[in-house]
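These notes are about the structure you will find just below.
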Amino acid sequence: MWRGAVSSDLPKAEFYAELATQVEGLIAEEPDSIANMANCAALIFHSVPRLNWAGFYLLKGGELVLGPFQGAPACIRIPLGSGVCGKAAQDRAVLRVADVTKFPDHIACDTASRSEIVLPMTSADSFLLGVLDVDSPEVNRFDEQDEAGLRKIAQLVAAKL
Ligand code: SME
């Protein structure tokens, strides 16, 4: 059950621990993956400070296709290897871009985005399922603690896909 946005006054490690607990609570009893991703995108967007976009791209037919998100309407299809999302997906590695204007292949869906973190979601047997993409209007918004916290959220959601 929704207990309200996680307080951004908490130290980051506690903030993300509480966010993960809320994600677990939201998705534990629900088998529908679209509903779970939609609620998680809303929870991230309304809890993590200073974001302009948070959502999911799912691997379908060999490319990333837009899934549930919060923020401005976004690019629908991203080929593997293209942009921050496609590169993170292709490499199965988290990509944390401090300044998207300096990432040569960045796909500017929302011109407000200045920094971005993309976290691949994989199955238990390491198959790529999609990515969690989070954007901020602030340069260098995401640090190691944001990465660790969001990595955990991506894993929780991936386990229910
Ligand atoms: N900027 C991303 C595209 C997705 S939007 O940020 C929602 C990229 O370069 O892959």
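Remember, it's 1-based here, ligands and their atoms both numbered in the order they're listed.
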(message) Assess the residue pair R114 and D99 against the criterion (salt bridge (Lys or Arg N to Asp or Glu O under 4.0 Å)); give the C-alpha distance rounded to whole Å, side-chain angles, the decisive distance to 0.1 Å, and a yes or no.
(response) CA-CA 6 Å; R114 283 290 171 274; D99 182 348; 6.0 Å; no
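Under the 3.5 Å distance criterion, with hydrogens and angles disregarded, no donor-acceptor pair is assigned to the side chains of D105 and S82. Side chains of N52 and D110: a donor-acceptor N/O pair is present below 3.5 angstrom, by distance only.
The contact shell of ligand 1, taken as protein residues with any non-hydrogen atom closer than 4.0 angstrom, comprises W53, Y57, A74, I78, G83, V84, C85, H106, I107, C109, E116, D133, D135.
Between M37 atom CE and Y57 atom OH the span is 13.0 Å, to the nearest 0.5 Å.
Sorted by first and then second residue, the ring pair (Phe, Tyr, Trp, His ring centres under 6.0 Å) pairs involving residues 64-98 (not counting sequence neighbours) are W53-F69.
The two residues A154 and L119 make their nearest non-hydrogen contact at CB-CB, 4.1 Å.
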